[in-house]
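Note on naming: letters A, B, ... go to the chains in the order of the sequence lines (proteins, then strands), and numbering restarts at 1 for each one.
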Number of protein chains: 2
Amino acid sequence: MGLPLRKSKVAPPPGCPLSEVLTLLRGAWAPNVIWQLSGEPRRFGELRHDIPRISARVLSARLRELESRGLVTRRVLDTSPPSAEYSLTPLGRELLPAIDALAGVGRKLIAEWETYGRLVRAR
Amino acid sequence: MGLPLRKSKVAPPPGCPLSEVLTLLRGAWAPNVIWQLSGEPRRFGELRHDIPRISARVLSARLRELESRGLVTRRVLDTSPPSAEYSLTPLGRELLPAIDALAGVGRKLIAEWETYGRLVRAR
DNA sequence: GAATGCGGTAACCCGGCGGTTACCGCATTT
DNA sequence: AAATGCGGTAACCGCCGGGTTACCGCATTC
């Protein structure tokens with residue numbers, strides 16, 4: 001016989017908060033950009049240089065996304081040719097511990113995959 | 001004059017760990033699936049029911065992904081028609097604190113967006 | 001015997017994301 | 001005068017991720 005459905009006890013949506021913040025990290029290169037900004041402010045060209053395979057198009061997109069969500073500030077420098085400097089806002093910095101936590105799990109995942117031969121094929 | 005390039009001081013890649021774990025969370029509905037599994041084990045139909053708009057195709061894909069990475073176990077129950085039960089592995093459970101941290105930031109983000117009228121348009 | 005519910009899988013299709021290329025104005029360099 | 005570097009943007013384009021639909025075998029229910 002089939003089993004009766006058990007109703008979920010956890011809150012209906014994970015709350016959008018998780019999804020919201022994941023949309024920010026989901027775009028290509030987003031984590032790398034944030035990571036690069038975790039230290040000193042960096043200019044567009046520096047970011048391009050430090051994330052070698054990123055395209056200007058996407059870098060620009062990511063930065064403007066993050067800026068519009070209040071995680072990153074853009075400051076135009078009075079140089080010529082004009083250059084721009086990006087840095088994390090305090091709000092943006094709050095992501096760092098969470099990112100560290102994720103990275104920690106990532107390390108464990110990788111270690112585990114290596115010890116017990118990798119069954120991983122998918123993806 | 002243009003500024004001289006400053007070289008990045010942070011490790012070249014964020015280490016793949018972050019990227020690795022984000023690939024797991026990046027697929028549609030992945031966070032919701034994990035969240036639902038954070039309590040008791042759940043069956044396929046229950047998951048479909050509790051994540052109303054997910055399609056069977058994607059639910060199946062996410063579960064097999066997570067299983068192949070060692071985050072989820074699948075147990076076939078001896079009932080008829082046969083049913084399957086999914087639960088988080090210990091490794092999978094390690095994600096939960098990190099996810100909580102992200103959700104925490106998510107809540108702050110949302111709060112902030114609401115207090116200071118939302119400039120958010122993108123995405 | 002037909003319909004229903006279980007746990008999926010296969011095929012099709014469409015939109016959007018991201019890579020590539022070309023181009024912008026401006027100031028310095030050659 | 002031409003080329004270079006800065007910080008981008010616009011247009012084009014291909015791919016694949018996810019939604020939709022159809023279908024599977026099996027056992028119980030009507």
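- Under 3.5 Å, the side chains of B/Arg93 and B/Thr89 contain no donor-acceptor pair of N or O atoms.
- Remark: B/Lys108 engages A/Glu94 in a salt bridge, criterion side-chain N to carboxylate O under 4.0 Å.
- Of the charged side-chain nitrogens involved, none lies within less than 4.0 Å of a carboxylate oxygen, so that B/Arg64 and B/Glu67 do not count as a salt-bridged pair.
- With rounding to whole Å, A/Leu77 atom CG is found 8 Å from D/dG7 atom P.
- Rounded to a whole Å, the CG atom of B/Leu47 is 13 Å from the C1' atom of C/dG8.
- Between C/dC17 and A/Trp29, no contact under 4.0 Å exists linking OP1 or OP2 to a side-chain N or O.
- At the phosphate of D/dG18, OP1 or OP2 sits under 4.0 Å from a side-chain N or O atom of B/Arg62.
- Counting any heavy atom pair closer than 4.0 Å across all strands shown, B/Arg57 reaches a base atom.
- When the side-chain nitrogen and oxygen atoms of B/Ser55 are compared with OP1 and OP2 of D/dT20, none of them lie within a distance under 4.0 Å.
- Look at B/Arg26 and you won't find any side-chain N or O under 4.0 angstrom from OP1 or OP2 of D/dG17.
- B/Leu24 places a side-chain heavy atom less than 4.5 Å from the side chain of B/Arg69.
- Close to C/dT9, at under 4.0 Å from its OP1 or OP2, lies a side-chain N or O of B/Ser60.
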